[in-house]
Amino acid sequence: MLTKAPRGTYDILPQDSIKWQYIESIMKETAEIFGYREIRVPIFEHTELFQRGVGETTDIVSKEMYTFNDKSGRSLTLRPEGTASCVRALIEHSSYAGLLPVKWYYMGPMFRYDRPQTGRYRQFHQFGAEAFGSNNPYLDGEVIMLLLEILARLGLEEYELHLNSVGCPQCRGRYRQKLIDYIQPYQDNLCPDCQARYINNPLRVLDCKNEACHQAIEGYPTLADHLCENCLEHYEQVKGALAQQGILFIHDDGLVRGLDYYTNTAFEIHIPGIGAQSAVGGGGRYNGLVEQCGGPDLPGIGFALGLERLLLAVEKKGEMLLPPPEIDVFVAVMDSAYEAQGMKILQALRGAGIKAEKDYNQRKARAQMKFADKIGARLVLFLGEEEVQKGFVTLRNMRSKEQFQVAENDLLRAVSRTLLID
RNA sequence: UUGGGUGUAGCUCAGUUGGCUAGAGCACCAGAUUGUGGCUCUGGGGGCCGUGGGUUCGAGUCCCAUCAUCCACCCCA
């Protein structure tokens, strides 16, 4: 236990962290191009924030939160998602009082107590973006376009964009009742889960994977057909904004999203071939959330991407162009008597921005060469008796095997030049 | 919660119907080359065979339990 990471967590070792840095840099860069700025929020928050912000009836709040009491008895929760914290920060700092919309992105670990499987962990990572203060359907379009641009820059072309509108509290409420009334006569044919939840959460029955449930409610009234005038118009405009850009999407009546705060636009991105958890990202509009969390009546929209799943997809494509690990100069000291001098040279090289390394395990010359080779050294610098006495060093180009001597005071220039022309 | 698979060296895995001191490849270290890499050869270090019980003269192998892990279900990123 002592030597094992907790269930659902894992280490990212250097050979993998380089891949994370790669996709993270692409996401940041893309978000910045779209005018989003980074916000960093705490990894834990007051439990009430998520209860209120995410919704008591959601799976996340009802069974997946990492909640604990701190030493003063406050109930805190490791964040299961990022939107609630952004909303809290927006209100706390009155960020809405300035220029609107406020456009933020964030990145980091999230925590949900769930059963791990391919692409799902208890500590997982999300990149998210949020835009507050505009209900313009083109902003819905922008948010989706940002998500798709990130996928494009990662070389991911095979995906499905699912789209739906979950309306506003008014039309969704009316529709909800209608759906319950429709399902009621068939309730005996539903799976146990759905029988239990169709009253409280009838929308959930729609995307139940159980085939029996599907058949039992076939021909059910759809939300899209029951949107109020405003919501319908908004949805049409969002679809128009996407179509205008040639973005293909699938209208999905069953897409209701797991979080309570969504209004109007809801979307999800699926990538096939990365396991059963194919949703790499999802989001939507949440026009009542800011007010519900104690702020002004301010609309919002955002999305989150699952980095583990994205990485699975990128690796499956095998198109990550990562530079091989390389060291510019390996300083080989022929005798421990010259180690101090070797350190001096090492420090001078590094000070000039040259990636330099040396041996710290008393290896003999031959072993140092092997070591230098394995870490990808382009040049090896020899420091032995002759060099020290005559005040020069020997440089060996590991690729061409050429070897030459340079005066110590000419070292930086010689190394730089050699690295450049090689 | 539920179902199935898998736990043997740092990694990937062999290990026969229970029967010698538990193996291989890769990796690591050393030597062949006492100041010079990649290839090759030789040698070396490393294993509570997941854990605990049971059956047996004898268990890595069979039985039970437990833990871990993977995949799926649920749901989602």
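Excluded from the calculations below are hydrogen atoms, water molecules and symmetry mates; all remaining heavy atoms, backbone and side chain alike, are included. We name chains A, B, ... by the order of the sequence lines, and we start the count at 1 in each one.
Put simply, CD on A/Gln117 is 13 Å from C1' on B/G3, counting in whole angstrom units. Summarising the geometry, the separation between CZ on A/Arg366 and P on B/G35 is reported as 13 Å, rounded to the nearest angstrom. To the nearest angstrom, P of B/C70 lies 13 Å from CD of A/Glu308. Atom pair A/Gln277:CD and B/C76:P shows a separation of 10 Å (rounding to whole Å applied). Going from atom CG of A/Asp114 over to atom P of B/U69 covers 14 Å, rounded to whole Å. One atom, CG of A/Leu255, and another, C1' of B/C75, lie 14 Å apart when rounded to the nearest Å. Taking atom CZ of residue A/Arg122 and atom P of nucleotide B/C75, one finds them 18 Å apart after rounding to whole Å. Per the geometry, CD belonging to A/Gln368 stands 15 Å off P belonging to B/G38, to the nearest Å.
Residues from residues 395-411 of chain A lying near RNA chain B, meaning a heavy-atom separation below 4.0 Å, are A/Arg396, A/Met398, A/Lys401, A/Gln403 in numerical order.
Ring-to-base geometry places A/Phe124 in a stacked arrangement with B/A77 (centre distance under 5.5 Å, plane angle under 30°).
The side chain of A/Arg120 has B/C74 as its nearest neighbour among B/C74, B/A72, B/G37. Taking every side-chain heavy atom of A/Met369 into account, B/U36 is the closest of B/U36, B/C71, B/A77. Closest to the side chain of A/Lys4, from the set B/A68, B/G35, B/C75, is B/A68.
The backbone N or O of A/Arg285 lies less than 3.5 Å from no partner atom in the side chain of A/Asn264, so there is not a single donor-acceptor pair. Not a single donor-acceptor pair under 3.5 Å links the side chain of A/Glu29 to the backbone N or O of A/Ile26. Side-chain atoms of A/Arg112 come within 3.5 Å of backbone atoms of A/Pro80 as a donor-acceptor pair (strictly under, hydrogens ignored). With hydrogens and angles disregarded, no donor-acceptor distance shorter than 3.5 Å links the side chain of A/Thr118 to the backbone of A/Gly275.
On the C1' atoms, B/C63 is 12 Å away from B/U56, given to the nearest whole Å. B/C64 and B/G23 have their C1' atoms separated by 29 Å, given to the nearest Å. Comparing the P positions of B/C74 and B/A68 gives a spacing of 24 Å, expressed to the nearest Å. Spacing between B/U42 and B/U61 at atom C1', rounded to whole Å, works out to 35 Å. Between the P atoms of B/G18 and B/G10, the separation comes to 29 Å (whole Å). B/U8 and B/U2 have their C1' atoms separated by 30 Å, given to the nearest Å. Comparing the same atom, C1', in B/A27 and in B/C67 gives a spacing of 29 Å after rounding to whole Å. Remark: the separation of the P atoms in B/U66 and B/A30 is 48 Å, to the nearest Å.
With sequence neighbours left out, A/Ser400 forms a side chain to side chain contact (heavy atoms under 4.5 Å, CB included) with A/Asn397, A/Glu402. Remark: A/Tyr22 engages no residue in a ring pair (Phe, Tyr, Trp, His ring centres under 6.0 Å) (not counting sequence neighbours). Residues meeting the ring pair (Phe, Tyr, Trp, His ring centres under 6.0 Å) test with A/Tyr121, sequence neighbours left out: A/Tyr10. Scored by the ring pair (Phe, Tyr, Trp, His ring centres under 6.0 Å) test, A/Phe303 finds no partners at all (sequence neighbours excluded). Under the rule for a ring pair (Phe, Tyr, Trp, His ring centres under 6.0 Å), the partners of A/His251 that lie at least two apart in sequence or sit in another chain are A/Tyr235.
Under a 4.0 Å N-O distance rule, the pair A/Lys19/A/Asp16 qualifies as a salt bridge. The existence of a salt bridge linking A/Arg88 and A/Glu92 is confirmed by a sub-4.0 Å separation between a basic side-chain nitrogen and an acidic carboxylate oxygen.
In the interface, the side chain of A/Glu64 is not paired with the base of B/C76 through any donor and acceptor atom under 3.5 Å apart. Contact annotation: side chain of A/Arg7 to base of B/A68, donor-acceptor pair absent below 3.5 Å. Taking only distance into account, the side chain of A/Arg115 never meets the base of B/C76 through a donor-acceptor pair shorter than 3.5 Å.
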Return the polar atom pairs (N/O with N/O) between nucleotides 26-30 of chain B and the protein under 3.5 Å, or none.
| from | atom 1 | to | atom 2 | distance (Å) |
| --- | --- | --- | --- | --- |
| B/C29 | OP1 | A/Arg363 | NH1 | 2.8 |

CA sep, side-chain torsions, deciding dist, call: A/Glu24, A/Lys28, salt bridge (charged side-chain N to carboxylate O under 4.0 Å, His left out)
CA-CA 6 Å; A/Glu24 285 167 357; A/Lys28 283 188 177 189; over 6 Å; no

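For the pair A/Thr118 and B/A72, the criterion of a side-chain N or O lying under 4.0 Å from OP1 or OP2 is met.
Ring pair A/Phe371/A/Phe330: centre-to-centre distance below 6.0 Å.
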Could you run through nucleotides 5-13 of chain B and give me one letter per nucleotide, 5' to 3': B if any protein heavy atom sits under 4.0 Å from the base, S if only the sugar-phosphate is that close, - if neither?
---------

Each nucleotide in nucleotides 42-51 of chain B should get exactly one letter: B, S or -. Can you fill that in based on protein heavy atoms under 4.0 Å?
----------

Show me, pair by pair, the donor-acceptor contacts under 3.5 angstrom made by side chains of residues 334-342 of chain A, not counting sequence neighbours?
| from | atom 1 | to | atom 2 | distance (Å) |
| --- | --- | --- | --- | --- |
| A/Asp335 | OD1 | A/Ala337 | N | 2.8 |
| A/Glu339 | OE2 | A/Lys358 | NZ | 2.6 |
| A/Gln341 | NE2 | A/Glu408 | OE1 | 2.8 |
| A/Gln341 | NE2 | A/Glu408 | OE2 | 3.3 |

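A/Leu322 CG: more than 12 foreign heavy atoms inside a 6.0 Å radius.
The ring-ring contact (aromatic ring centres under 6.0 Å, His included) analysis of residues 399-422 of chain A, with sequence neighbours excluded, yields no pairs.
Comparing A/Lys63 and A/Ala279 by the nucleotide of RNA chain B whose heavy atom lies nearest to each, the residue mapping closer to the 5' end is A/Lys63. Residue A/Gly275 is the one, among A/Gly275 and A/Gly306, whose nearest nucleotide of RNA chain B lies closer to the 5' end (criterion: closest heavy atom).
RNA chain B forms stems at B:2-7 with B:67-72, B:10-13 with B:23-26, B:28-32 with B:40-44, B:50-54 with B:62-66, each a run of 3 or more consecutive Watson-Crick or G-U wobble pairs whose two key distances fall under 3.5 Å.
Nucleic acid contact class of A/Gly384 (heavy atoms, under 4.0 Å, all strands): base. A/Glu387 comes within 4.0 angstrom of a nucleotide base, judged by non-hydrogen atoms across all strands.
Here the straight-line distance linking atom CD1 of A/Ile327 with atom CG of A/Leu349 works out to 11.0 Å at 0.5 Å rounding. In this structure, CD in A/Glu326 is found 5.0 Å from CZ in A/Arg378, a value given to the nearest 0.5 Å.
A/Tyr286 and A/Tyr262 have perpendicular rings, their planes meeting at more than 60° on a 0 to 90° scale where under 30° would count as parallel.
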